[in-house]
Amino acid sequence: MKPRSVAARLPNACLPGADWADCYELLFLGERMTAHEAARRALGSAPRWIRSLLALRNRVVAPLSLKAGAPSGDASLVGAFPILSGSDREMVLGLDDRHLDFRIVVEVRDGPADSQVIGVTTLVRRRNLFGYFYLAAITPFHKAIVPALLAQVNEPARRPVS
């Protein structure tokens, strides 16, 4: 199955004050998994085209004091994102910055028959004008990247690539 865009709800307890959100869901027919495993499969390693876009983004925003993400290789991270909280059903990742705060919420719930629905919600609280401009600039890329990452949940478990 392919990920699909669904309505995201605001307000959201995972990021009080969020003023932007989107959500993608995937109907998963494989073995049962936790939110942590779904997050690791989706966000643990990105295809080369996404890594290239993120490297470009990091070079462009470095002079503007926007965080590039946490260093990799830390057990409290999934991909480049710090784990803020987690349970079998929900994993919350994210960073706070002076321009905007964001959360990635990976949820797992029972679907029809023996399936699961894996959801990835992105929540953003823009703090200033630069946060508004930045989000407007990256939204078209975000709308391509998140479904591509979520689709990786359907791929067999693999080791992250640095």
Side-chain angles (χ1 to χ4, degrees), residues 1-47 50-51 54 57 66-127 131 134-135 138-139 141-162:
M1 304 246 114
K2 294 177 90 173
R4 65 183 180 105
S5 177
V6 298
R9 292 191 183 132
L10 287 177
N12 189 301
C14 294
L15 183 60
D19 55 11
W20 186 93
D22 71 358
C23 183
Y24 293 87
E25 289 184 346
L26 173 74
L27 185 63
F28 181 69
L29 303 173
E31 74 283 357
R32 308 298 283 175
M33 73 174 71
T34 65
H36 187 271
E37 175 65 14
R40 191 190 63 71
R41 283 194 188 189
L43 305 169
S45 74
I50 293 174
R51 291 193 316 265
L54 292 176
R57 173 245 182 234
L66 198 65
K67 291 181 183 174
S72 61
D74 185 336
S76 65
L77 301 175
V78 173
F81 305 107
I83 298 170
L84 302 177
S85 67
S87 69
D88 285 348
R89 295 289 192 172
E90 179 183 86
M91 178 74 50
V92 181
L93 311 145
L95 289 169
D96 294 341
D97 197 277
R98 69 180 227 205
H99 303 297
L100 57 81
D101 303 333
F102 78 92
R103 301 291 181 268
I104 301 168
V105 182
V106 179
E107 298 174 285
V108 176
R109 68 178 191 275
D110 293 333
D114 288 333
S115 69
Q116 287 180 296
V117 176
I118 313 291
V120 174
T121 301
T122 305
L123 304 165
V124 178
R125 176 176 49 215
R126 295 169 283 195
R127 294 178 167 266
Y134 174 77
L135 186 60
I138 62 114
T139 294
F141 300 102
H142 171 86
K143 290 182 180 293
I145 290 170
V146 174
L149 291 173
L150 183 54
Q152 294 184 130
V153 171
N154 280 325
E155 296 175 10
R158 63 193 192 290
R159 296 181 62 129
V161 177
S162 300

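- Scanning all heavy atoms of the two residues, the minimum distance from L100 to Y134 falls at CD2-CD2, 3.5 Å.
- Between A21 and L123 the shortest heavy-atom distance is CB-CD2, 3.7 Å.
- Contact between Y24 and P147 at its shortest, heavy atoms only, is CE2-CG, 3.5 Å.
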Could you go through residues 101-113 and list every donor-acceptor pair under 3.5 Å that involves a side-chain atom there, pairing it with any protein atom two or more places apart or in another chain?
residue, atom, partner, partner atom, Å
D101, OD1, D97, N, 3.1
D101, OD1, R127, NE, 2.9
D101, OD1, R127, NH2, 3.4
D101, OD2, R125, NE, 3.1
D101, OD2, R125, NH2, 2.7
D101, OD2, R127, NE, 3.1
D101, OD2, R127, NH2, 2.7
R103, NH1, D96, OD1, 2.8
R103, NH2, D96, OD1, 3.1
R109, NH1, E25, OE2, 3.0
R109, NH2, E25, OE1, 3.4
R109, NH2, E25, OE2, 3.2
D110, OD1, R32, NH2, 2.4

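- One distance of note links CD1 of I50 with CZ of F141; it measures 12.5 Å at 0.5 Å rounding.
- A distance of 11.0 Å separates CG of L15 from OG1 of T122, quoted to the nearest 0.5 Å.
- Closest approach of P47 and Q152 over heavy atoms only: CD-OE1, 3.4 Å.
- Counting heavy atoms from C-beta on, the side chains of L43 and L149 come closer than 4.5 Å.
- Scanning both residues, V153 and A38, for their nearest heavy atoms gives CG2-O, 3.8 Å.
- Residues P3 and L26 come closest through the heavy atom pair N-CD1, 3.8 Å.
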When the side chains of residues 78-87 are checked against the rest of the protein, which donor-acceptor pairs come out under 3.5 Å, sequence neighbours left out?
residue, atom, partner, partner atom, Å
S87, OG, R89, N, 3.3
S87, OG, E90, N, 3.1

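- A distance of 5.0 Å separates CD1 of I118 from CE of M33, quoted to the nearest 0.5 Å.
- Residues D22 and H142 form a side-chain contact, since some pair of their non-hydrogen atoms from C-beta on lies under 4.5 Å apart.
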